[in-house]
2 protein chains.
Amino acid sequence: MKTTNTTIKNLPAEQRRAVTVEAVIELAAEKNPASITTAEIAERMQLTQGALFRHFPNKDALWQSVMEWVTAQLLGRIDKVIATTESPLEALELMFAAHIDFVAKHPGAPRIMFAELQRPDPTAAKAIAQTMLRHYSDRVGKLLAKGMGEGIIDPDLDVAAASVMFIGMVQGLVMQSLIAGDITVMLGNAKPLFALYARSIKQRTHER
Amino acid sequence: MKTTNTTIKNLPAEQRRAVTVEAVIELAAEKNPASITTAEIAERMQLTQGALFRHFPNKDALWQSVMEWVTAQLLGRIDKVIATTESPLEALELMFAAHIDFVAKHPGAPRIMFAELQRPDPTAAKAIAQTMLRHYSDRVGKLLAKGMGEGIIDPDLDVAAASVMFIGMVQGLVMQSLIAGDITVMLGNAKPLFALYARSIKQRTHER
DNA sequence: GAAGATAGTAATTGATTACAATCTTTTAGA
DNA sequence: TCTAAAAGATTGTAATCAATTACTATCTTC
């Protein structure tokens, strides 16, 4: 007889890889992603260091898997909430909220993204990060363009600048939480921050 | 006889420390600050690795000097331009431009800042980064408050959110340049980005 | 319940790290 | 010009890194 396997050992390869990625995301929430060692990752999973290399050919491949996870998670959540509304402005707000919620749940994710983009050599993981952010910008740009077509958003808006500002807001909140040493401050500041953003892109109906 | 010493060797201690800090800033522009080694720093200065420890008791002290340099440079430049105008809105724009200009000249600086804030242990360098950013936020907050008093800036503005947005803009531009792999894109996007910011904080004179 | 396959362990590799001890060269001042 | 102090070179060390090895435990399936 044995109870449901809540233990940690002898997971099938696919599950083990998934658990490994989660462990990395967790560790990245606590320290600089660039200084995460394979020994630390293994320790977090109650595994020996060498066992990691049975599931990943090398450390770079592990980081690649991590980036793929972040990409799938973030873009997945975003596309999900965007689909729930027809209003581009509401979609942007939901998108922002979904992003902040994701980052609050996984503070390591944006740090990994940032650290990966800083790599000088063109690794696979870096390429994934770059295309991910391009997709992200596209989502924002599309919504802004739609809003301009509907007369909700200022037709003279600089879409590129507004996209940078959108991503910048998230980064700004991350930075603020790093200073405060507390992730939850993000959640409280998200709403007024988006209100500010909305003000900067909205059409002025009562302009002279 | 000897010409003016343009060579690299045998600098007086103070100058050597200054050159070392500059070398670190340069290296941080090219790779993740967390993975910069003392050997790399020494190589950049045409010096042996061991010689570094003649001028800094340990690596942490070196990072501390680097943070102090960044703090002095950034806050110095900002305070200089702020003092040139009485208009808080113009001051904010000059402050933003000065920051972007500084970051464009020293792309390693914001990376160092970000990397340092991510350190789990409370090092001296991290503390410097935190207080630096607090001072920065204070500058923005003061200018916003002044503008509100003068009726230029929306009296209902959420100052905290507007400060986060301000820092976020810089971060957003840094991120954009990381995706593009080109620092100069920042300079082109700075102006329209601030225009967007100004729109979100300005008083609406023709509000119903 | 053996057999083959899969997952994990423990020990070790060579490279790289921050840092230190000792020796040599350069500089500045009387 | 001589000398003491400062700056740098050389060599070395203990710790830590990613990765590999030879081996063992566990699961699955017939």
Side-chain angles (χ1 to χ4, degrees), chain A residues 1-24 27-28 31-66 115-116 119-121 123-125, chain B residues 1-24 27-28 31-66 115-116 119-121 123-125:
Chain A
M1 184 199 84
K2 81 167 165 36
T3 58
T4 321
N5 187 11
T6 53
T7 62
I8 309 162
K9 294 269 168 66
N10 293 322
L11 292 180
E14 199 176 339
Q15 274 187 49
R16 175 58 74 201
R17 276 194 290 270
V19 172
T20 307
V21 167
E22 281 167 36
V24 173
L27 278 169
K31 59 178 298 184
N32 194 321
S35 357
I36 294 175
T37 66
T38 52
E40 282 171 327
I41 299 166
E43 190 192 4
R44 172 78 45 138
M45 315 160 56
Q46 312 261 52
L47 215 67
T48 52
Q49 183 252 352
L52 273 183
F53 292 89
R54 195 161 284 278
H55 302 286
F56 299 94
N58 51 45
K59 204 189 180 187
D60 231 60
L62 167 53
W63 276 112
Q64 191 177 334
S65 290
V66 171
E116 207 58 44
R119 301 250 296 237
D121 48 336
T123 63
Chain B
M1 183 199 79
K2 79 165 158 67
T3 57
T4 322
N5 187 12
T6 53
T7 62
I8 310 164
K9 296 268 170 70
N10 294 323
L11 293 180
E14 198 177 338
Q15 274 187 51
R16 176 57 73 200
R17 277 193 290 270
V19 172
T20 307
V21 167
E22 281 167 35
V24 173
L27 279 169
K31 59 179 298 183
N32 195 320
S35 3
I36 294 175
T37 66
T38 53
E40 282 171 327
I41 299 167
E43 190 192 6
R44 171 80 43 141
M45 315 160 58
Q46 313 261 51
L47 213 67
T48 53
Q49 185 253 355
L52 273 183
F53 291 89
R54 196 161 284 278
H55 301 288
F56 298 94
N58 51 45
K59 204 191 181 186
D60 231 58
L62 167 53
W63 277 111
Q64 190 177 332
S65 290
V66 171
E116 207 59 43
R119 302 249 296 237
D121 48 336
T123 63

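Per chain, numbering begins at 1; letters A, B, ... match sequence-line order.
- Contacts between residues 57-65 of chain A and DNA chain C, counted as heavy-atom distances below 4.0 Å, involve no residue at all.
- Taking every heavy atom of both residues into account, B:Glu116 and B:Ala125 meet most closely at OE2-CB, 3.2 Å.
- Between B:Thr38 and B:Leu52, the shortest heavy-atom distance links the atoms O-CD1, 3.3 Å.
- Residue A:Thr48 places none of its side-chain N or O atoms closer than 4.0 Å to OP1 or OP2 of C:dG8.
- Once rounded to the nearest 0.5 Å, the distance linking CD of B:Glu22 with CZ of B:Arg44 reads 12.0 Å.
- Checked against D:dA9, C:dG8, C:dC19, the side chain of B:Gln49 finds its nearest nucleotide in C:dC19.
- The residue B:Ile41 sits apart from the nucleic acid: no heavy atom pair falls under 4.0 Å.
- Listed by first and then second residue, the salt bridge (charged side-chain N to carboxylate O under 4.0 Å, His left out) pairs involving residues 45-64 of chain A are A:Asp60-A:Arg119 (not counting sequence neighbours).
- At C:dT6, none of the side-chain N or O atoms of A:Arg16 fall inside 4.0 Å of OP1 or OP2 (strictly under the cut-off).
- Of the side-chain N and O atoms in B:His55, one or more sit less than 4.0 angstrom from OP1 or OP2 of D:dG8.
- Here the P atom of nucleotide D:dG8 and the CD atom of B:Glu43 are 17 Å apart, to the nearest Å.
- If you measure from atom CZ of B:Phe53 to atom P of D:dT11, you get 19 Å, rounded to the nearest angstrom.
- The A:Arg54 side chain lies nearest to C:dA7 when the options are C:dA18, C:dA7, D:dA19.
- With respect to A:Leu27, the side-chain contact (heavy atoms from CB on, under 4.5 Å) criterion is satisfied by exactly one of A:Thr37, A:Ile36, A:Asn32: A:Ile36.
- The separation between A:Leu52 atom CG and D:dA18 atom P is 10 Å, rounded to whole Å.
- One atom, CD1 of A:Ile36, and another, P of D:dT16, lie 18 Å apart when rounded to the nearest Å.
- Atom NE2 of A:His55 and atom CG of A:Leu62 lie 11.5 Å apart (nearest 0.5 Å).
- Nearer the 5' end of DNA chain D, as judged by each residue's closest nucleotide, is the contact made by B:Ala51, out of A:Ala39 and B:Ala51.
- Nucleotide C:dA20 holds its C1' atom 18 Å from the CZ atom of B:Phe56, rounded to whole Å.
- In this structure, A:Glu14 places its CD atom 21 Å from P of C:dA5, rounding to the nearest Å.
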Inset, instruction - Evaluate the criterion side-chain contact (heavy atoms from CB on, under 4.5 Å) for residue pair B:Thr123 and B:Trp63; output intermediate values, then yes/no. - result: CA-CA 10 Å; B:Thr123 63; B:Trp63 277 111; over 6 Å; no
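- Here D:dA18 presents its C1' atom at 13 Å from CD of A:Glu40, a figure rounded to the nearest Å.
- Taking the screw axis at each terminus of the helix from C:dG1-D:dC30 to C:dA30-D:dT1 from five consecutive base pairs, the angle between the two is 20° to within rounding of 10 degrees.
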